[in-house]
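Report on one structure; see the data block that follows.
Counting starts at 1 for both ligands and their atoms, in listed order. The model shown is predicted, which means the values in this text are computed figures rather than measured ones.
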Amino acid sequence: MVRCDMSTGRYITLEGAEGCGKSTHAARLAEVLGAVLTRETGGTAVGQRIRAILHDTAVTDLAHRAEALLAAADRAQHIHQVVGPALTAGRHVVSDRSVYSTLAYQGYGRELPLDEVRHINAWAIADRWPDLALLLDAAPEVLERRMKGRQLDRFEQEGDAFHRRVRDGFRAMAAADPQRWVVIDAGQAFEVVAAAIRAAVRERLDI
Ligand code: TMP
């Protein structure tokens, strides 16, 4: 079980590739826990403006480092304005993505130096890392099927190699820090995944 300050709420993040069902499961979990539901990027008004840049397919020349810094700026605002105050007030927080998405997408995916990405983000979040990270993991074929017909944003338009690195990155982080991470097979039926998420939260955080 992750050791944390019992006087504050718990910070739970759902991570995974596009199409893994994270947003729907985040909403379900937040409802069950009576938690604050939020997301990165775009969990604040400032963050929504940053997200618009990051997702815009017309933005074709964004430097990888600028992309990483925009994601970190979104996150700094989000922790300051939403996550931190909610936790301090004793509320649990369920976030659709977190700092781990930057490590996966900008670190592993864009192949920026991991230590540097981690360092910049530790500063952005004032070292407030999630208490529990749930990785909804699924094979690329499953995700591709789910994404069919959807209009793709700047990240979704990236090639297979990028998405493979992102998935491997998430799995590597989970394997390296098993106290904080739980990997759930997102290829299973919705209710099975929801039950696995609920069980993981109960077991790891006792809530
Ligand atoms: P989503 O919020 O609809 O899942 O889409 C977010 C996209 O942004 C997704 O492709 C992952 C990407 N992303 C990053 O590249 N870095 C980040 O730090 C975050 C939070 C998201």
Side-chain angles (χ1 to χ4, degrees), residues 11-30 37-44 46-60 62-83 93-114 116-125 128-130 133-138 140 142-144 146-171 173 184 186 193:
Y11 178 19
I12 302 163
T13 180
L14 275 81
E15 301 286 349
E18 300 85 354
C20 72
K22 185 179 53 39
S23 307
T24 317
H25 284 294
R28 161 79 74 98
L29 179 64
L37 172 66
T38 188
R39 72 172 191 193
E40 289 183 8
T41 52
T44 64
V46 166
Q48 279 171 26
R49 295 168 77 168
I50 294 173
R51 183 181 170 95
I53 299 171
L54 286 169
H55 284 242
D56 190 348
T57 49
V59 176
T60 54
L62 187 61
H64 292 349
R65 283 168 187 251
E67 183 180 276
L69 288 169
L70 285 170
D74 166 88
R75 178 160 306 119
Q77 184 69 25
H78 185 230
I79 296 284
H80 170 77
Q81 194 179 333
V82 179
V83 179
V93 173
V94 175
S95 188
D96 179 351
R97 298 196 185 279
S98 74
V99 59
Y100 291 122
S101 280
T102 288
L103 288 166
Y105 283 83
Q106 280 66 52
Y108 288 92
R110 300 291 193 211
E111 300 183 298
L112 290 172
L114 273 177
E116 293 176 14
V117 176
R118 196 175 289 113
H119 186 69
I120 285 163
N121 278 276
W123 184 77
I125 64 176
R128 188 52 178 99
W129 294 78
L134 301 164
L135 173 56
L136 301 194
D137 185 54
V142 174
L143 300 176
E144 256 166 47
R146 289 185 186 170
M147 297 296 288
K148 262 208 182 108
R150 247 162 80 166
Q151 196 166 1
L152 302 183
D153 65 33
R154 220 171 50 79
F155 294 100
E156 290 159 351
Q157 287 181 354
E158 285 293 334
D160 291 349
F162 175 81
H163 290 290
R164 205 173 314 116
R165 287 197 300 276
V166 170
R167 184 187 188 204
D168 291 347
F170 274 129
R171 286 152 69 110
M173 286 190 281
I184 293 166
V193 176

Looking only at heavy atoms of [X], does any of them come nearer than 4.0 Å to an atom of ligand 1?
{"X": "Arg154", "result": "no"}
{"X": "Glu156", "result": "no"}
{"X": "Arg75", "result": "yes"}

Checklist entry - Counting only N and O atoms by type, is there a donor-acceptor contact under 3.5 Å from the side chain of His55 to the main-chain atoms of Phe155? => result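 No: the side chain of His55 does not pair with the backbone of Phe155.
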At what distance is the nearest protein heavy atom to [atom], and which residue and atom is it?
{"atom": "atom 2 (O) of ligand 1", "value": "Arg51 NH1, 3.1 Å"}
{"atom": "atom 4 (O) of ligand 1", "value": "Arg97 NE, 3.0 Å"}
{"atom": "atom 15 (O) of ligand 1", "value": "Gln106 NE2, 2.9 Å"}
{"atom": "atom 18 (O) of ligand 1", "value": "Thr102 OG1, 2.4 Å"}
{"atom": "atom 10 (O) of ligand 1", "value": "Glu18 OE2, 2.4 Å"}

Next on the checklist: Given Ser101, which partner from the list Gln106, Glu15, Arg75 fulfils the side-chain hydrogen bond (donor to acceptor under 3.5 Å, both in side chains) test?
Outcome noted: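 Going through Gln106, Glu15, Arg75 one by one, the side-chain hydrogen bond (donor to acceptor under 3.5 Å, both in side chains) with Ser101 is satisfied by Glu15 alone.
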Taking only heavy atoms of [X], which atoms of ligand 1 are found under 4.0 Å from at least one of them?
{"X": "Lys22", "answer": "4 (O)"}
{"X": "Thr41", "answer": "20 (C)"}
{"X": "Ala71", "answer": "18 (O)"}

Next on the checklist: Given His55, Gln157, His78, Arg110, identify the one with the heavy atom nearest to atom 5 (O) of ligand 1.
Outcome noted: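 Result: the heavy atom closest to atom 5 (O) of ligand 1 is in His55.
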Next on the checklist: Judged on heavy-atom distance to atom 19 (C) of ligand 1, which of Gly107, Ser101, Gly42 sits nearest?
Outcome noted: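 The nearest heavy atom belongs to Ser101.
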Next on the checklist: I need the contact type for Arg39 against ligand 1. Using non-hydrogen atoms and a strict under-4.0 Å cut-off, is it side chain, backbone, both or neither?
Outcome noted: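 Neither part.
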Checklist entry - Between Glu40 and Val82, is a side chain to side chain contact (heavy atoms under 4.5 Å, CB included) present by the stated rule, with each step listed? => result CA-CA 11 Å; Glu40 289 183 8; Val82 179; over 6 Å; no
Next on the checklist: As a quick check of understanding, evaluate salt bridge (Lys or Arg N to Asp or Glu O under 4.0 Å) for Asp74 and Arg51, giving each step before the final call.
Outcome noted: CA-CA 8 Å; Asp74 166 88; Arg51 183 181 170 95; over 6 Å; no
Next on the checklist: A side-chain contact here means heavy atoms from C-beta on lying under 4.5 Å apart; do Tyr11 and Trp129 qualify?
Outcome noted: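 A side-chain contact is absent here, since even the closest heavy-atom pair is not under 4.5 Å.
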Checklist entry - Just wondering, do Val193 and Ile184 contact through their side chains at under 4.5 Å, heavy atoms? => result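 Side-chain contact under 4.5 Å: yes.
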Checklist entry - Hey, is CD on Gln151 packed in by over 12 heavy atoms from elsewhere, all under 6.0 Å? => result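 For Gln151, atom CD is not crowded (no more than 12 foreign heavy atoms under 6.0 Å).
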Checklist entry - Do Lys22 and Arg39 pass the side chain to side chain contact (heavy atoms under 4.5 Å, CB included) test, and can you show the C-alpha distance, the side-chain angles, and the key distance before you say yes or no? => result CA-CA 11 Å; Lys22 185 179 53 39; Arg39 72 172 191 193; over 6 Å; no
Next on the checklist: If you apply the rule side chain to side chain contact (heavy atoms under 4.5 Å, CB included), what do you find for Thr44 with Thr38, and how did you get there?
Outcome noted: CA-CA 9 Å; Thr44 64; Thr38 188; over 6 Å; no
